[in-house]
2 protein chains.
Amino acid sequence: MADSPSPAAVTISAIAAEAGVSAPTVSRVLNGRGDVAPATRERIEGLLRTRGYRRRGSKAGDKAGEMVGLLDLVFNDLDSPWAVEIIRGVEDAAHDAGSGIVVSAIHRRASSTRQWLRNVRSRTSDGAVLVTTDLDSSLRAELDELHVPAVVIDPVGVPDLAVPTIGSTNWAGGLSAVDHLISRGHRRIGFVAGRPELWCSRARLDGYRAGLETAGLDVDPDLVVPGEFDYESGFRAGEHLFGLADPPTAVFSASDQMTLGVYEALRRRGLRVPADVSVIGFDDLPEARWASPPLTTVRQPLADMGRLAVRTVHRLVRGEAIESPRVELATELVVRDSTAAVPGRVSG
Amino acid sequence: MADSPSPAAVTISAIAAEAGVSAPTVSRVLNGRGDVAPATRERIEGLLRTRGYRRRGSKAGDKAGEMVGLLDLVFNDLDSPWAVEIIRGVEDAAHDAGSGIVVSAIHRRASSTRQWLRNVRSRTSDGAVLVTTDLDSSLRAELDELHVPAVVIDPVGVPDLAVPTIGSTNWAGGLSAVDHLISRGHRRIGFVAGRPELWCSRARLDGYRAGLETAGLDVDPDLVVPGEFDYESGFRAGEHLFGLADPPTAVFSASDQMTLGVYEALRRRGLRVPADVSVIGFDDLPEARWASPPLTTVRQPLADMGRLAVRTVHRLVRGEAIESPRVELATELVVRDSTAAVPGRVSG
DNA sequence: CTGAAAGCGCTTACAG
DNA sequence: CTGAAAGCGCTTACAG
C-alpha cells in the first residue's frame, strides 16, 4: 500500500535517459512546444506518467517527500452550505499543519477534472481531498502516477479500499432518528430518501427500516418517497406525503435541506411543526438551528471529517501507515423543537 | 499606481550584490538557517522586503510578470453561508482563467495573518482577494513589497483608494426594501442593524432612513435596534421589537441570517409571517429561498462580486489599468412570501 | 526534429 | 559567520 521510495529521483534527465533522448527534448514535451516528433512525444509522455514526474524547482534540497504546503480540496459543486462545513474543517487542520488549501469544483464534468489534473501536476500539491467524488479507476491511476495521495470524504459508491475514505455512521444515524420518533409515540413515519446512487442514502434508508422493524412496525412503501437531497425535492416529497389518504404523523428526511422543503409543504397546508407533524432531518447544517422551529436532526460532524481527511492525507504524504482505509465518524441526534409526541394520541 | 517593471529581476544574486554579501548568504537567510550574523540578516531581510523578492524556480523562462496560476482568497471566518457564495464566484472565475484558489481564514488574529503572509511569500501566489478585511496599512505595505496585488470585497471601513474594492449598493438596497414595505401600506417599520463598525451596515441604515423620510415618515429611534448580522442577534432584536407597547407592522433586517432570528421570535409569540407581520431581509442567501415562508429580501450578487474580484486582480497582475478603484454592483429586491399588506388596514 | 553547450537561479558541502 | 566552488534541475538559443 505504501509507495516504495523511488530509488532515483524522477527528474527530466532520468526520463530522458530512459526514453533514449536528451533532456531538452523532454523539457520541450513538458512545455508543450510543438517541435517534437509525434512518436517521441508519445513515448516521453508515457514515461512521464508512469514514472509520476513532477516539476521540482531547481533547489537541490527539493528532495522527493518534501512538502510543498498545498493541499487540493475538490467538490463536485460549491452550491450547498454542506460544502462550507467541510471547507471549514479542512482549512482549520491545514492551517495548523502550515498548508494552504486549493479548492476546486469540477461539476461532474470530465473536462473540468482533466483541467484540475493538469493544474495539480503543474502546481505539485502534496495531496488531495475529494468530496463525494466518484474517483473512478482512471482518475485514481493518474493521481497515483503523480504520486499525489488522495482521501475521499463521503464516497459515492461502495468504498474502494485502495483509497482511504471518511464518512459518518449513516445507518446508525438513520436508526437513531427513527428511534427518537418512535419513543415519542409515532407509528406512521414517512421517509424522504436522498440521491439513490449515493452510498450514504442507502445506509440512511436501511437505518430507517431497521428502526421500524426493531420496534415491530411494518415498513409502508407508500411512506418512503424519493428525493435528491435538495430543497425542491423535499418540498415535493412533503406535498406527496401529506396528500396521502392516511398521512404520516412524522417525517424523517435524509438531509436538512429537504427537511426545509417539508416545512414549507406543511406550512402551505396549514399544518404546524411539531404540533401537528414531527419532522427530523440529517446533517445539522447551520440552517437547522435557524429553521423555525429549530430543527431536530442527526448531526454529521462534517468539519471533523474534513480535519481527519487532512491528517490522513498528511500521513500518506509522509509515508506513514494509516489505521484503517475506511473510517466512519459517529453521528449524533440533536433534539430541538421540531419533534413532539403524536398529536391526540389516546393513552393506549 | 501601476508598478514600473523593475529594470533587473529581483534575484538572490541581485539582493546579494546590493547587500554586499554573497549569494549563499542570502539563501541562508531565506531558508531560515541560524548561522548568519544578526546585522547581516537584518540588512538582507530589509532588502528582501523592499525589493519584493519572490522565489522563482530555476526555470530560466520564469520571468517576472508570469503567472503562477494561484490566487489567495482570505476570509476572517468561514462559518457563514455568506462565504460559500463568494467562494463559488471566485472559484468559477479563477477556473475559467486557469487559476486555482487558496482559501484561508485568518480569524481576525494577527498571528494567522502573519502566517498567511509567510505562506503567500513561499508559494508566490499571483494575487489576493480579501473579504471584509481591514487591510490595515502595514498589511497593505507587506503585500506591496511582495508584489502581490490585492482586491477587497465588502471593505469594512471607508474605502482606501489605494486598493480596489468591490461592494454592492447597500444604500440603494436599504432604500428599496423600505419602499417595498411602504408601498404595501406599512408605516411603522422596524430596522435591525448590522455590525456597526462595518461600512455596509451604515449604508443600509441610511437607506432605511432615506426611504422613510422620502415618504414623509419620521424615523422612530425605538424601532431601530442594533444587531451583529447573525441569527442570535436577530432573534433578540425580534423579541425586543415585539415586546414594545406599539410594535411595528413590518421589519427590515440587514441580513438574512438575522431575519431568520426574527422569524423565530415571531413564531414564539404566535405571530404569523406575513399575515401579522411583514419581514424583509438582505443578502438573498440560499436560506432565504428555503425559509418558511420564503423570504422577501434584497439580493446582493455575492458570486458576481467574487467573479469581478478575480478579473480585477488578474488585470492588476498583468499591469493593466482598472476602470475604478471602487465598484458597487447593483442590489435587487426579490419579492417572495414574507411581505404583504398591513393587516386590518382601513381603506384610508 | 534533435542534441551539445551555455546559462539561470538556487543550494549544499567545504574551508577558513 | 561567510564565500569560492561545485552541482542540481531545468531551459533557451544555436546548429545541424
Side-chain angles (χ1 to χ4, degrees), chain A residues 5-49 51-69 118 121-124 146-147, chain B residues 5-48 51-69 121-124 146-147:
Chain A
S6 30
V10 186
T11 64
I12 281 200
S13 23
I15 298 285
E18 199 167 349
V21 298
S22 71
T25 304
V26 177
S27 171
R28 278 188 275 262
V29 170
L30 274 171
N31 293 68
R33 301 251 183 288
D35 48 359
V36 177
T40 314
R41 149 163 281 131
E42 228 159 88
R43 189 152 33 99
I44 293 175
E45 272 172 347
L47 245 16
L48 248 17
R49 300 175 53 146
R51 293 292 171 264
Y53 173 81
R54 317 228 337 245
R55 179 173 268 106
R56 235 184 328 275
S58 66
K59 6 195 218 157
D62 221 348
K63 324 177 208 316
E66 265 198 24
M67 304 214 326
V68 176
R118 247 199 318 278
R121 175 171 294 194
S122 78
R123 83 169 79 98
T124 62
L146 256 27
H147 292 114
Chain B
S6 29
V10 187
T11 64
I12 280 200
S13 22
I15 299 285
E18 199 166 349
V21 299
S22 71
T25 303
V26 177
S27 170
R28 278 188 275 262
V29 169
L30 273 171
N31 294 68
R33 301 252 181 288
D35 47 357
V36 177
T40 315
R41 147 162 283 129
E42 228 160 272
R43 189 155 30 99
I44 293 175
E45 270 171 349
L47 245 15
L48 248 18
R51 293 293 171 264
Y53 173 80
R54 317 230 337 246
R55 180 171 268 104
R56 233 181 333 273
S58 66
K59 3 197 225 158
D62 221 348
K63 324 179 207 317
E66 264 197 25
M67 303 213 325
V68 176
R121 173 170 296 196
S122 78
R123 82 168 81 97
T124 62
L146 255 27
H147 292 114

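Everything numeric here is computed off the predicted structure, so don't read it as measured data. Here is the naming used below: chain letters follow the sequence lines, and residue numbers restart at 1 for every chain.
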Chemist: Does D/dG3 have OP1 or OP2 under 4.0 Å away from a side-chain N or O of B/Thr25?
Modeler: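 Yes, within the criterion.
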
Chemist: Ignoring backbone atoms, test whether A/Tyr53 places a side-chain nitrogen or oxygen under 4.0 Å from the OP1 or OP2 oxygen of D/dG9.
Modeler: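 Looking at the OP1 and OP2 atoms of D/dG9, neither is under 4.0 Å from any side-chain N or O of A/Tyr53.
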
Chemist: Which nucleotide in the set C/dT2, D/dC1, C/dC10 lies at the smallest distance from any side-chain heavy atom of B/Ala37?
Modeler: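 Of the options given, the side chain of B/Ala37 lies nearest D/dC1.
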
Chemist: Tell me whether the side-chain N/O atoms of A/Ser27 come closer than 4.0 Å to OP1 or OP2 in D/dT11.
Modeler: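 So the side-chain polar atoms of A/Ser27 do come within 4.0 Å of the phosphate oxygens OP1 or OP2 of D/dT11, strictly under.
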
Chemist: Could you check how far CG of B/Leu30 sits from C1' of C/dC10, rounded to whole Å?
Modeler: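 My rounded result for the distance is 10 Å.
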
Chemist: Find the distance B/Arg28:CZ to C/dC10:P and express it as a whole number of Å.
Modeler: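 So the two atoms are 15 Å apart, to the nearest Å.
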
Chemist: Could you report the tightest heavy-atom contact between A/Ala16 and A/Ala23, atom names first, then the distance?
Modeler: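 Smallest heavy-atom distance, with atoms named: CB-N, 3.7 Å.
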
Chemist: Could you check how far CG of B/Leu48 sits from C1' of C/dC10, rounded to whole Å?
Modeler: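 Going from B/Leu48 (CG) to C/dC10 (C1'), I get 13 Å.
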
Chemist: With both distances under 3.5 Å as the test, what is the Watson-Crick or G-U wobble partner of D/dA4?
Modeler: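 Here D/dA4 is not engaged in any pair, so there is no nucleotide opposite it.
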
Chemist: Considering only D/dG9, C/dG3, D/dT11, which nucleotide approaches the side chain of A/Ile12 most closely?
Modeler: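 Looking only at heavy atoms from C-beta outward on A/Ile12, the closest nucleotide is D/dT11.
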
Chemist: Once rounded to the nearest 0.5 Å, what's the spacing between atom OG1 of B/Thr40 and atom CG of B/Asp35?
Modeler: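 Reported value, rounded in 0.5 Å steps: 11.0 Å.
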
Chemist: Closest to the B/Val21 side chain: D/dC1, D/dG3, D/dT11?
Modeler: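 The nucleotide sitting nearest to the side chain is D/dG3.
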
Chemist: Look through every strand shown and name the nucleotide pairing with C/dA13 as Watson-Crick or G-U wobble, where both distances are under 3.5 Å.
Modeler: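 The base-pairing partner of C/dA13, which may sit in any strand shown, does not exist here.
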
Chemist: Kindly point out which of C/dT11, C/dC1, C/dG9 is positioned nearest to the side chain of A/Asp35?
Modeler: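 When the side chain of A/Asp35 is considered, C/dC1 is the closest of C/dT11, C/dC1, C/dG9.
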
Chemist: Looking at B/Ser13, I'd like to know whether one of its side-chain N or O atoms comes within less than 4.0 Å of OP1 or OP2 on C/dC8.
Modeler: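 The answer is no; no side-chain N or O of B/Ser13 sits under 4.0 Å from OP1 or OP2.
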
Chemist: Quick one: B/Ile44 CD1 to C/dC10 P, roughly how many Å, whole number?
Modeler: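 Roughly 14 Å, once rounded to whole Å.
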
Chemist: For C/dC1, does OP1 or OP2 lie under 4.0 Å from any side-chain N or O of A/Thr40?
Modeler: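 Answer no for this pair, as no side-chain N or O of A/Thr40 is under 4.0 Å from OP1 or OP2.
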
Chemist: As a test of reading the structure: which of C/dT11, D/dC1, D/dT12 is closest to the side chain of A/Pro24, going by heavy atoms?
Modeler: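 Taking heavy atoms from C-beta onward, the closest nucleotide is D/dT12.
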
Chemist: Should A/Leu47 and A/Tyr53 be marked as a side chain to side chain contact (heavy atoms under 4.5 Å, CB included) after you check the CA-CA gap, both sets of side-chain angles, and the distance that decides it?
Modeler: CA-CA 8 Å; A/Leu47 245 16; A/Tyr53 173 81; over 6 Å; no

Chemist: Could you point out which residue of B/Ile15, B/Val26, B/Val29 forms a side-chain contact (heavy atoms from CB on, under 4.5 Å) with B/Val21?
Modeler: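 When B/Ile15, B/Val26, B/Val29 are each tested with B/Val21, the side-chain contact (heavy atoms from CB on, under 4.5 Å) holds only for B/Val26.
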
Chemist: Output the distance between atom CZ (B/Arg28) and atom CZ (B/Arg41), rounded to the nearest 0.5 Å.
Modeler: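 The CZ atom of B/Arg41 is 10.5 Å from CZ of B/Arg28, to the nearest 0.5 Å.
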
